[in-house]
Amino acid sequence: MTTDSTRVDPVELRDHVMRLYEDLARGPGGGFPIEAGRPLAERLGYPPAELDLVPAGAVESFAGAGYHLDLAAPDAGDSVLDLGSGSGTDSFIAAGRVGPEGRVLGIDMTPAQVEKARALAREGGFAPCEFREGSIEEPGLEPVSFDCVISNGAVNLSPRKTSVFASAALALRAGGRLAMSDIVTEHRLPGEVSRDPSLWAAGVGGAMRGEDLRGAIESAGLRVEEWRTNGVHRSLSDGAGEAVSALGLTGVSLLAVKP
């Protein structure tokens, strides 16, 4: 599988993903095709005490692939970029760690998710947090302006993965780190899977093989330093569930550093 897949129509994919994540922003249920909410976050390793500090409305719309904030290790005063920030669970946790002297910027392409995250930030007094509508491939940010880039389950929704990693590397200062979680596959994806927008939105159709993901990150100039497996990816939809079983999909969390 190539790192930038052209086997799915990008416009159709964007529309499909945005519709699903708009539904997720409105609350649990609604036919969202994969696990979501606090039970998922806790199963993936998020400490309950940490989730208690996040607005409940953000956690109910959480649909990540793993826990990596321990790898990201945001510290007081750090600038953190969250690519595919959704309703803000990871951004809010990072904000608590960087404190009032730090900065957290979340980028997401779904207006409903951005609006929800902004409202929750205002209501909860999360001053370091800012949320913008935009693409994770071309976020349009000042180069070398962040200490840390995080992303959770968003890269595999992009058909232009090399652009995502190039943008992350460009945004990072020297010594900065990329910490992310996503879904990888053991086997190459057949065409009927990689062309199906609904399977992309379920975190299946755009999944890369683990070695391809590592190679794409290193090609962007980052050095992978930690890599761990999060267990078998689960899905609520029948079609996606069959693909998960057949293709050996699993979640991974990783840390990469910019030399």
Side-chain angles (χ1 to χ4, degrees), residues 1-14 16-18 64-66 68 71-72 80-86 105-110 132-146 148-174 176-191 193-197 199-227 247 249-259:
M1 180 179 179
T2 59
T3 54
D4 283 354
S5 174
T6 58
R7 290 186 282 182
V8 65
D9 181 276
V11 175
E12 184 181 3
L13 172 62
R14 179 183 174 87
H16 197 99
V17 170
M18 287 182 67
H68 54 266
L71 301 176
V80 179
L81 172 63
D82 188 355
L83 295 177
S85 49
L105 173 61
I107 303 289
D108 200 277
M109 73 174 185
T110 305
R132 296 182 191 172
E133 185 180 337
S135 75
I136 62 174
E137 298 90 351
E138 297 174 355
L141 303 171
E142 185 74 22
V144 296
S145 55
F146 289 90
C148 182
V149 175
I150 58 176
S151 184
N152 203 338
V155 176
N156 71 353
L157 299 178
S158 172
R160 297 169 52 209
K161 295 174 174 58
T162 56
S163 295
V164 177
F165 294 126
S167 293
L170 181 63
L172 285 171
R173 300 184 175 105
R177 54 220 182 267
L178 165 69
M180 61 173 283
S181 298
D182 224 314
I183 306 301
V184 298
T185 178
E186 181 180 354
H187 309 292
R188 292 190 182 276
L189 300 180
V193 172
S194 63
R195 288 192 297 267
D196 188 335
L199 290 180
W200 275 74
V204 175
M208 303 172 70
R209 292 193 306 163
E211 62 236 58
D212 292 335
L213 175 61
R214 184 186 293 268
I217 293 169
E218 292 178 344
S219 292
L222 304 174
R223 182 178 65 248
V224 176
E225 294 197 343
E226 294 193 46
W227 181 287
L247 297 169
L249 272 77
T250 189
V252 297
S253 295
L254 63 90
L255 171 69
V257 175
K258 182 176 180 178

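- Between S145 and R173, the closest heavy-atom pair is O-NH2, 3.1 Å.
- For S167 against E137, the heavy-atom pair with the smallest separation is OG-O, 2.6 Å.
- In terms of heavy atoms, A171 sits closest to L81 at CB-CD2, 4.1 Å.
- Using a 4.5 Å heavy-atom threshold, the side chains of W200 and E12 count as separate.
- Between W227 and R214, some side-chain heavy-atom pair lies under the 4.5 Å cut-off.
- Proximity of K161 to D212: side-chain heavy atoms (C-beta onward) are nowhere separated by under 4.5 Å.
- Looking at L141, L170, V80, L178 one by one, the single match for side chain to side chain contact (heavy atoms under 4.5 Å, CB included) with F146 turns out to be L141.
- Side-chain contact between V17 and M109: present, with at least one pair of heavy atoms (C-beta onward) separated by less than 4.5 Å.
- Taking 4.5 Å as the limit, some side-chain heavy atom of L213 sits within range of a side-chain heavy atom of L254.
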**OP:** Decide yes or no on side chain to side chain contact (heavy atoms under 4.5 Å, CB included) for V184 and M208, but give the supporting numbers first.
**Re:** CA-CA 5 Å; V184 298; M208 303 172 70; 5.5 Å; no

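- Minimum heavy-atom separation, N156 to G203: ND2-O, 3.1 Å.
- Annotation for G84 and D108: closest pair C-OD2, 3.4 Å, computed over non-hydrogen atoms.
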